[in-house]
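Before any comments, here is the structure.
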Amino acid sequence: MPNERLRSALLERGLTPTNLADVLDVDPKSVERWISGRLPYRRHRYAVAAHLGVDEAYLWPDALTRDQVANASESEIINIYPARWTVPSDMWRMFFDNAEREIGVLAYSGLFIPEDAGIQRIFRRKAADGASIRILIGDPDSAEVVQRGIDEGIDMDMAARCRNAIVLYRPLRNIDGIEFRLHNTILYNSIYRADDQVLVNTHIYGTPASNAPVLHLRHVNGGDMVGTYVESFDRVWNAATPLE
């Protein structure tokens with residue numbers, strides 16, 4: 001079957017098979033055969049993915065063995081914190097400050113983010129530099145947010161926290177490049193993104209998010225952990241409602 005992902009990646013970047021062949025020093029007919037569905041050698045797959053700025057596993061999802069994917073995914077783990085409160089505050093600032101293209105926040109309230117004036121300044125500066133910043137807050141009127149409050153034993157306080165987050169983010173809400181949406185998903189994890197890195201705050205039934213573990217992950221070619229969380233973030237974003 002034709003490799004539509006490779007074809008699309010070339011079209012999006014305004015490249016022809018000949019352009020790619022020149023970069024890789026191969027015959028243009030080889031590139032055409034790859035587009036038609038032939039699997040390139042591993043060194044060529046890696047070179048194509050690097051030149052196009054996409055993951056090798058995205059262009060050729062069936063090329064890697066299960067062991068290769070598992071090993072690459074394990075390499076994506078930078079650190080595991082036993083609870084969110086054990087993550088140093090400087091770590092959160094450095095995490096977002098290292099982003100160049102995209103910042104994402106998916107939580108119910110995640111109050112520790114808007115309460116940090118330093119992080120708000122980083123968001124403002126990154127937006128001015130052209131980064132895309134997307135922030136998802138739990139809809140305080142949704143049944144999911146109410147249920148989370150009940151599960152944690154704080155009842156309507158969870159909805160109140162979401163409303164507080166909306167208020168605290170007010171200085172950023174009219175800045176180009178920063179978007180806010182309300183979501184009503186059952187949140188299994190809070191996800192914080194900075195380009196190819198994510199901090200994943202796991203959720204445990206009956207336990208506040210601040211007491212639950214945090215995974216620090218960085219994308220590695222061939223791994224799929226970061227990609228899984230990023231795809232989850234995007235699904236929630238696409239189903240969420242813009243904050244008016």
Side-chain angles (χ1 to χ4, degrees), residues 1-78 95 98-106 126 129-134 136 177 179 181 183 185 188-189 191-200 215-240 242:
M1 294 178 61
N3 190 330
E4 296 298 338
R5 292 184 176 182
L6 176 56
R7 188 197 310 275
S8 297
L10 289 172
L11 289 174
E12 289 171 1
R13 290 155 183 79
L15 298 175
T16 66
T18 301
N19 297 145
L20 185 60
D22 290 342
V23 172
L24 272 59
D25 194 23
V26 298
D27 191 312
K29 291 183 179 179
S30 295
V31 178
E32 292 173 357
R33 285 193 286 267
W34 300 342
I35 295 173
S36 297
R38 180 172 296 183
L39 184 66
Y41 290 120
R42 177 66 192 276
R43 66 178 185 276
H44 289 148
R45 297 200 305 269
Y46 182 82
V48 171
H51 183 67
L52 297 179
V54 297
D55 192 351
E56 175 189 351
Y58 170 78
L59 294 175
W60 294 282
D62 298 326
L64 302 183
T65 66
R66 294 181 63 181
D67 286 343
Q68 287 175 319
V69 173
N71 290 336
S73 296
E74 184 175 340
S75 298
E76 291 185 309
I77 301 173
I78 296 177
F95 175 77
N98 286 332
E100 296 181 354
R101 305 182 309 276
E102 178 148 2
I103 289 174
V105 173
L106 167 59
K126 291 298 178 178
D129 290 341
S132 171
I133 301 175
R134 297 183 293 168
L136 283 155
E179 296 182 77
R181 291 187 182 182
H183 71 92
T185 59
Y188 301 105
N189 302 279
I191 301 173
Y192 305 90
R193 181 185 181 187
D195 291 343
D196 295 330
Q197 296 188 58
V198 292
L199 287 166
V200 181
L215 312 179
H216 185 186
L217 311 175
R218 182 195 297 271
H219 174 68
V220 171
N221 282 336
D224 61 2
M225 289 182 66
V226 171
T228 297
Y229 287 114
V230 169
E231 288 176 6
S232 177
F233 182 101
D234 288 339
R235 283 196 294 270
V236 176
W237 179 264
N238 291 335

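Along the sequence shown, the residues carry numbers beginning at 1.
Taking the six-membered ring where the residue is Trp, F95 and H216 present perpendicular rings, their angle passing 60° and hence far from 30°. The aromatic rings of W237 and F233 sit parallel, their planes meeting at an angle under 30°, below the 60° perpendicular limit.
Taking a 6.0 Å sphere around CG of D25, one finds it holds 12 or fewer heavy atoms contributed by other residues, nucleotides or ligands. For CZ of R181, the number of neighbouring non-hydrogen atoms (other residues, nucleotides, ligands) closer than 6.0 Å is greater than 12. Counting non-hydrogen atoms of other residues, nucleotides and ligands closer than 6.0 Å to CZ of R38 gives a total of 12 or fewer.
With hydrogens and angles ignored, the 3.5 Å screen pairs no side-chain donor or acceptor of D196 with any backbone N or O of H219. Remark: side-chain polar atoms of N3 are paired, donor with acceptor, to backbone N or O of L59 under 3.5 angstrom. In this structure, the side chain of K126 engages the main chain of A99 through a donor-acceptor pair within 3.5 Å. R43 places no side-chain N or O within 3.5 Å of a backbone atom of R45 that could act as its donor or acceptor partner. Formation of a donor-acceptor pair under 3.5 Å by the S36 side chain with backbone atoms of E32 is found in this model. Of the possible polar contacts, one joining the R13 side chain to the L52 backbone as a donor-acceptor pair under 3.5 Å is found. Within the 3.5 Å criterion, the main-chain N or O of K29 finds a donor-acceptor partner in the side chain of D27.
Contact between V236 and H183 at its shortest, heavy atoms only, is CG1-CB, 3.7 Å. Between P2 and R7, the closest heavy-atom pair is CB-NH2, 3.8 Å. Closest approach of E76 to V226, counting heavy atoms only: OE1-N, 3.4 Å. The minimum heavy-atom distance between L217 and I78, with the atom names listed, is C-CD1, 4.2 Å. Taking all atoms of both residues into account, the shortest heavy-atom contact from A47 to L24 is CB-CG, 4.1 Å.
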Fill in: Worked check of side-chain contact (heavy atoms from CB on, under 4.5 Å) between V48 and V31
CA-CA 10 Å; V48 171; V31 178; over 6 Å; no
Fill in: Residues V23, L15; criterion side-chain contact (heavy atoms from CB on, under 4.5 Å); working and verdict
CA-CA 11 Å; V23 172; L15 298 175; over 6 Å; no
Discussion item. Run the side-chain contact (heavy atoms from CB on, under 4.5 Å) test on E12 and V54 for me, step by step, so that the C-alpha distance in whole Å, both residues' side-chain angles and the decisive distance to 0.1 Å come before the verdict.
Written reply: CA-CA 12 Å; E12 289 171 1; V54 297; over 6 Å; no
Item to complete: Tell me, with the steps shown, if I77 and L215 meet side-chain contact (heavy atoms from CB on, under 4.5 Å).
Response: CA-CA 7 Å; I77 301 173; L215 312 179; over 6 Å; no
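Separating the CZ atom in R193 from the CG atom in L199 is a distance of 13.0 Å, to the nearest 0.5 Å. Here CZ of R218 is found 3.5 Å from CD of Q197. Values are rounded to the nearest 0.5 Å. Expressed to the nearest 0.5 Å, how far OG of S30 lies from CD1 of I35 amounts to 11.0 Å. Considering CD1 of I133 and CD of E179, their distance stands at 10.5 Å, rounded to 0.5 Å.
Looking at heavy atoms from C-beta onward, P17 lies out of side-chain contact with W34 at the 4.5 angstrom threshold.
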